[in-house]
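Worth saying up front: this structure is predicted, and the values here are computed from it rather than measured.
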Amino acid sequence: MNKIRSCPRWVFIILLLGLLLAASAIWHSWRARQTPPPQAFIALLLPDKPASSKYALAWQDAASEGGVAMMQITASQLVGMEPEQRARLRGIILPDTIHRYVDAALTGVLEEYVQAGGALWINYDAASENAGGRFLDKPALSRLVGVDYLLYRELGKQMVRKDLMLMPPSAVAELGITPGRFQPYPDGKSPMLQASTYGYDQAAFSYLATRGRFPGRVLAEGPDGTLIAGVRDYGRGKVLFVNLPITFLKIRTDGLWLHSYLNFFNSQVLHLPQLASVPDGVGGLVMNWHVDDANAIPYLDLLKKLGFLEQGPYSVHFTTGPDTNQPGDHRGMDLAHNPRAQDWVRRLSERGYEIGAHGGWAHNYFAFNINEHNGKRWEPYLANNKQDLEKLTQQPLTEYSAPNGHHPDWVTAWLRQHGVLAYYYVGDLSMGPTRAYIDPANMHGRPWAFPVSANGGIASFEEAVRNKLPSAQMTLWLQDMTRFAVQQRVARLVYFHPPGVYFYQQTVRQWLAQTRTLGKQGVFHWYTMTDLSRFLSQRELTQWQAAPAEGRDASWISVSAHNPKTLARQSWLLPKTPTPPVLRSGQADIEALPDAWRVTARSGQDLRFEYVQTASNTMETRHAQ
C-alpha cells in the first residue's frame with residue numbers, strides 16, 4: 001500500500017490516459033459496427049446547405065441513367081464518419097457549381113481519405129471560394145490536383161479560357177464517347193482528337209487556365225496545353241480532376257461530359273459494377289427515318305431494294321399533311337388521300353416498325369414558324385399529324401421527331417399530354433436516351449429524348465452529300481457506330497431521310513451486312529425509340545446497391561436489386577476477373593463476356609449476387625495492408 005502511495009502522480013495520469021484511449025477505441029469500434037454502412041461505393045459530396053437541388057438532381061439522374069450506384073452525403077456527414085465507415089466509400093465526387101467552399105476540416109478529411117487509398121474526383125471550381133464567396137488565392141485542394149488552376153489574382157476574368165478541347169484517342173475510348181464526336185485535330189502533327197459539335201462551326205469549351213506540368217495521365221487539354229482533365233496517383237489513392245463546368249453543361253443540354261466522366265470514374269478508376277442501359281445488356285442502334293413529303297415516298301422502294309426491310313425494327317416518322325412550305329402549295333404527302341403512302345405506312349407498321357410523327361403536318365412551314373411562345377397556334381398541326389397516322393395504323397402514336405430539329409418546350413409538354421413516349425433530339429449530342437434537362441422539377445414522366453449522333457457536323461446521308469463526304473468515310477463512321485454500340489453495350493440513334501440513301505448505296509450495303517452478321521451472333525439489336533423508352537421507364541424503378549459482401553474478405557462485393565414490378569432483362573456488367581460471380585438469390589443468367597461478366601435477371605422482383613475484385617481495387621484491403 002505504501003508503494004502505491006509513493007508512486008509518482010504522473011504515472012497515474014499516464015495510466016488514466018491509456019484507459020481513456022482504450023475506452024475510446026472500443027467505443028469507436030462499437031460505433032462503426034452499429035452505424036449502417038454506406039449504401040453505395042460512390043458518394044456525391046454536397047454542402048450542408050445546397051443553394052439549389054437542381055444541380056444535385058442532375059448528378060443523381062446522370063448516375064441513374066448511366067447505371068452507376070451513387071449516394072449523396074453532406075460535408076458534415078463525411079467529416080463525422082468514423083474512418084472505418086469512410087473507408088467503405090471507394091470514390092467521392094466534389095462537383096462544380098455546387099461545392100465552391102470547403103472548410104479546413106473537410107479539406108483535411110479529403111486529403112487523408114485519398115492518402116489512405118480512396119479516389120477523389122475534383123471538378124472545375126470546387127473548393128475555389130472562401131466562406132464569403134470570394135475566390136481563394138489558391139484552391140483548397142490544389143495540392144491534390146497537382147497544378148495551379150485558379151489564377152484570378154493574376155489574370156482576373158481571363159483565368160477562364162474558351163477554346164477547343166483535345167483528347168488522345170485512348171481517352172475518347174475509355175470515356176465511352178460515341179464515334180464522330182471527336183475529329184482529327186487539323187494541325188497536321190498532333191495525334192490528338194478535337195471535340196466537335198453539330199450545327200456549329202467549332203465546339204468551344206470554357207475551362208480554367210492552368211500552370212504547371214500535371215503529375216499524372218492527361219485525359220484532355222486545350223491547344224495551349226491547359227489541363228482540362230487528368231487522373232493521378234496520390235498516396236495510396238487517386239485523384240481525377242475535370243476542368244469543365246459539367247454540372248452547368250448538363251442542365252443546358254450538353255450532358256455528355258458529366259455522363260462520360262461519371263462512367264470513367266465508376267468503370268475505369270474504381271472498377272465497379274454498372275447497370276446496363278439496354279435490355280439483356282445487348283447494345284444496338286435506333287434507326288430513325290424522317291419521311292418529309294410525297295417526294296420521299298418513291299425512295300422507300302430503294303430502301304427495300306437495298307435490304308433495309310430484311311432487318312429492323314426501326315422508328316419511321318412521317319409528315320402527313322398536304323403542304324410543305326406554305327398552305328396551299330400541295331407539296332406535302334397528303335396521307336389521307338395518297339394510297340401509295342398509305343400502303344407504305346401499313347406495310348412498315350405490320351413489320352413491327354414503330355410509326356411516328358415527324359413534326360406538325362407541314363414540314364417546313366411548321367419548322368420555320370414555331371417558337372417558344374406560339375404553341376396554341378401550332379398545336380393543331382401536331383394533332384392533325386398524329387390523327388392521320390393513328391387512323392391508318394389503328395395504333396396509338398408514341399414517337400415524334402422535330403422537323404429541322406426545331407423543338408420548343410411546349411412541344412414536349414404536348415407530347416407528354418398525348419401519350420408520346422419518345423422523341424428525336426438535337427441537344428445532348430451523341431448521348432444515349434435521356435430525360436432532357438430543361439425543368440428538373442418536372443422531369444420524371446417526360447418523354448425520353450433520343451439525341452442524334454453525328455460525325456462532326458454530319459448526321460445524315462443528305463448532309464453527307466452537301467458536305468461531299470466520301471462514301472468510304474460514311475461507311476467507316478456507320479460501322480464504327482455499330483461496333484461502339486456492341487462493345488460498350490449501349491444504344492445510340494442514327495437518322496436520315498430516304499432520298500439521301502441514293503448517293504450512298506454501297507455504304508448501306510456494307511453497313512447492313514455488318515449489322516446482319518452481328519445480329520445473328522446475338523451481340524447487336526435494332527431498337528425502336530418506343531421499345532427502349534418502355535424498358536428505360538421500367539429500369540428507373542430498379543433500386544440497387546453495391547456493398548461489401550458479408551462474411552467474406554474485402555475483395556468481395558455484394559449487389560442487391562429490387563424492382564416493384566419485375567427485374568426481367570435488367571443486366572449488370574462487372575469487371576472481368578478469373579472468379580465468376582455467385583448468385584445468392586433470385587433468377588439470373590451469368591455469362592462470361594470477353595471483357596466483363598454479365599448478370600441478367602430472368603424474372604422476379606429481387607436479386608442478389610456477389611463477385612470478387614482484385615485487391616488493388618478495394619480501399620479496405622489497402623487499409624489492412
Side-chain angles (χ1 to χ4, degrees), residues 57-68 176-181 198 250-251 253-260 262-263 274-290 313-317 353-354 356-357 397-402 405 407 411-412 415-416 419-438 440 442-454 459 481-482 484-486 488-495 524-542 569-571 573:
L57 184 60
W59 279 85
Q60 200 63 55
D61 282 348
S64 175
E65 291 177 11
V68 173
I177 295 175
T178 310
R181 187 66 201 265
Y198 180 59
K250 167 68 176 176
I251 64 174
T253 68
D254 193 7
L256 177 70
W257 314 108
L258 194 160
H259 285 248
S260 296
L262 186 57
N263 172 66
Q274 181 179 31
L275 177 61
S277 58
V278 285
D280 306 312
V282 178
L285 296 174
V286 174
M287 189 192 294
N288 186 203
W289 306 358
H290 293 181
Y314 313 125
S315 289
V316 186
H317 298 177
Y353 298 1
E354 200 65 46
L397 186 140
T398 54
E399 296 184 5
Y400 175 84
S401 55
H407 191 119
V411 172
T412 307
L415 298 176
R416 181 177 186 175
V420 175
L421 303 178
Y423 61 94
Y424 154 99
Y425 190 49
V426 295
D428 290 318
L429 179 64
S430 299
M431 281 178 54
T434 184
R435 301 285 196 188
Y437 244 75
I438 299 173
N442 194 30
M443 285 296 301
H444 299 285
R446 289 168 64 97
W448 285 92
F450 280 70
V452 66
S453 297
M481 286 290 299
T482 306
F484 172 84
V486 169
Q488 297 289 326
R489 301 175 185 93
V490 296
R492 294 292 186 267
L493 178 142
V494 293
Y495 96 102
F524 173 85
H525 282 329
W526 291 111
Y527 293 108
T528 67
M529 294 186 198
T530 297
D531 287 343
L532 275 179
S533 295
R534 287 175 174 149
F535 170 80
L536 291 169
S537 294
Q538 176 75 10
R539 177 179 178 267
E540 279 186 325
L541 302 176
T542 301
R569 307 192 72 186
Q570 302 293 341
S571 287
L573 302 172

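No donor-acceptor contact under 3.5 angstrom links the side chains of Arg492 and Ser453, judged on distance only. In the model, Glu399 has a side-chain atom that pairs as donor or acceptor with a side-chain atom of Thr530 under 3.5 Å.
The CH2 atom of Trp448 sits 10.0 Å away from atom CG of Leu532, with the distance rounded to the nearest 0.5 Å. Considering CZ of Arg534 and CG of Leu421, their distance stands at 5.5 Å, rounded to 0.5 Å. With values rounded to the nearest 0.5 angstrom, Thr528 atom OG1 is found 11.5 Å from Tyr353 atom OH. In this structure, CD on Glu354 lies 6.5 Å from CG on Asp531, to the nearest 0.5 angstrom. Taken to the nearest 0.5 Å, the OG atom of Ser277 stands 7.5 Å off from the CZ atom of Phe535. Atom OG in Ser537 sits 4.5 Å away from atom CZ in Arg435 (nearest 0.5 Å).
Side-chain atoms of Arg539 come within 3.5 Å of backbone N or O of Ala276 as a donor-acceptor pair.
A 4.5 Å side-chain heavy-atom check between Tyr423 and Leu415 finds at least one atom pair inside the cut-off. For the pair Thr434 and Lys250, the minimum side-chain heavy-atom distance is below 4.5 Å. Side-chain contact between Asp428 and Leu256 is absent, with no heavy-atom pair separated by less than 4.5 Å. Between Thr178 and Met481, some side-chain heavy-atom pair lies under the 4.5 Å cut-off. No side-chain heavy atom of His317 sits under 4.5 Å from any side-chain heavy atom of Trp289. Looking at heavy atoms from C-beta onward, Tyr424 lies in side-chain contact with Val452 at the 4.5 angstrom threshold. Within the 4.5 Å cutoff, no side-chain heavy atoms of Gln274 are placed close to those of Arg489. Between Leu285 and Thr482 there is a side-chain heavy-atom pair separated by less than 4.5 Å.
Scanning all heavy atoms of the two residues, the minimum distance from Pro433 to Glu65 falls at O-OE1, 4.0 Å. Residue Ala422 comes nearest to Ser533 through the heavy atom pair CB-OG, 3.2 Å, listed as atom of the first residue, atom of the second, then distance. Residues Gly283 and Val278 approach most closely at N-CG2, 4.1 Å, considering heavy atoms. For Leu429 against Ala454, the heavy-atom pair with the smallest separation is CD1-CB, 4.1 Å. Minimum interatomic distance between Arg446 and Ala436 (heavy atoms only, all atoms of both residues): NE-O, 4.0 Å. Looking at every heavy atom in both residues, Tyr425 comes nearest to Thr253 through OH-CG2, 3.0 Å.
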Between Arg181 and Tyr198, is the side chain to side chain contact (heavy atoms under 4.5 Å, CB included) condition met? List the steps.
CA-CA 9 Å; Arg181 187 66 201 265; Tyr198 180 59; over 6 Å; no
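Under the ring-ring contact (aromatic ring centres under 6.0 Å, His included) rule, His290 has a single partner from Tyr495, Tyr314, Tyr400, which is Tyr495.
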